[in-house]
Amino acid sequence: MNFSESHSRVLVALDVPTREKALQLAHDLEDHVGGFKVGLELFCSCGPQIVEEIGPSRTFLDLKFHDIPNTVASVSRVAARMGTLLFNVHCLGGFEMMSAAAQAAKAENPLCQIIGVTILTSHDSESLRKIGLSESPRDAVPRLARMAREAGLDGVVCSAREILRVREECGDDFLLVTPGIRPASAEIGDQKRVLTPTEALKAGASYLVVGRPITGAQNPVAAAQKLFD
Ligand code: C5P
């Protein structure tokens, strides 16, 4: 895979508090990465307008909807109308919730892509045990991914470490979006199930979500350029 193909799979997590900071990063990085992720912090501080300003077709709207099926179906209809590259719901909301979300979103916009968060990459077996879940991420993620596929979702968010098993369960055309990406020299922070950018691409990720290793760097453009070195 050549340089530009690899970089086109990178979505930069714009986990910043202001519109100005987000638009500056998007402006500086737009020729170096495939798109941007708008998460809870930016969305709560700026509202849906920020998606319009960044450009919906290159935005992953990461709000992880998790509520009763009727509520998630309603918000999925609204998200589908925004025309984003991707948006997501939480798989732990269950099959009925995911299925209601997929049906509502596709009826609104047949081209929308909706994915499910399996197990956050900040969890490991120990932290799952503390919330009463006895299954390891290694077993839970492929199981939830299969459920997401059966519910009509287009892909899942998972750790790059789980890609092989998810591909076995869900096939090659299922989108696998992987946060928890850390170049070998970067701080791991609160993430637990991490891989390097090159490892994640080799494993078969469709998109890599990279936040702090780029946005926290002194020079974000240089950090993005060096990602696969
Ligand atoms: O800074 P960092 O590279 O850890 O950012 C990862 C981003 O991906 C964050 O915005 C986080 O909310 C998001 N994310 C995640 N794990 C998931 C789903 C989303 O880390 N399972």
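Counting starts at 1 for both ligands and their atoms, following the listed order. Worth knowing before you read on, the calculation uses all heavy atoms, side chains too, and leaves out hydrogens, waters and symmetry mates.
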[X] heavy atoms, cut-off 4.0 Å: which ligand 1 atoms fall inside?
X      : answer
Val117 : 21 (N)
Arg212 : 1 (O), 2 (P), 3 (O), 4 (O)
Gly211 : 1 (O), 2 (P), 3 (O), 5 (O)
Val209 : 7 (C), 8 (O)
Leu120 : 17 (C), 21 (N)
Arg182 : 1 (O), 2 (P), 3 (O), 4 (O)
Asp15  : 9 (C), 10 (O)
Pro213 : 3 (O)

Worksheet, complete the sentence: In Lys192, Arg193, Gln191, the residue satisfying side-chain hydrogen bond (donor to acceptor under 3.5 Å, both in side chains) with Thr121 is Gln191
Practice prompt. Evaluate whether atom CD of Glu96 has more than 12 neighbouring non-hydrogen atoms of other residues, nucleotides or ligands under 6.0 angstrom away.
Written response: no
Discussion item. So for atom CZ, which belongs to Arg138, do other residues, nucleotides or ligands contribute more than 12 heavy atoms lying within a distance under 6.0 Å?
Written reply: no
Discussion item. Keeping Arg9 on the side-chain end and Leu208 on the backbone end, is there a donor-acceptor pair under 3.5 Å?
Written reply: no
Worksheet item: Does Thr71 reach the main-chain N or O of Asp67 with its side chain, forming a donor-acceptor pair under 3.5 Å?
Response: no
Nearest-contact summary for [atom] - protein heavy atom, Å:
atom                    : result
atom 11 (C) of ligand 1 : Lys37 NZ, 4.0 Å
atom 20 (O) of ligand 1 : Gln191 NE2, 2.9 Å
atom 18 (C) of ligand 1 : Lys64 CE, 3.5 Å
atom 17 (C) of ligand 1 : Pro179 CG, 3.5 Å

Item to complete: May I ask you to decide whether Arg165 forms a salt bridge with Asp139, counting only side-chain N to carboxylate O separations under 4.0 Å?
Response: yes
Worksheet item: Does the pair Glu187/Arg182 count as a salt bridge with the N-to-O cut at 4.0 Å?
Response: no
Worksheet item: For ligand 1, does Asp62 get within less than 4.0 Å through its side chain, its backbone, both, or neither, judged by non-hydrogen atoms?
Response: side chain
Practice prompt. Could you see which bit of Thr121 sits under 4.0 Å from ligand 1, with heavy atoms only: side chain, backbone, both or neither?
Written response: both
Discussion item. Starting from Tyr207, can I reach Val210 by hopping between I/L/V/M/F/W/Y residues whose side chains sit under 4.5 Å apart?
Written reply: no
Fill in: Aromatic ring pairing His7/Phe228, orientation class (parallel under 30°, perpendicular over 60°, tilted between)
perpendicular
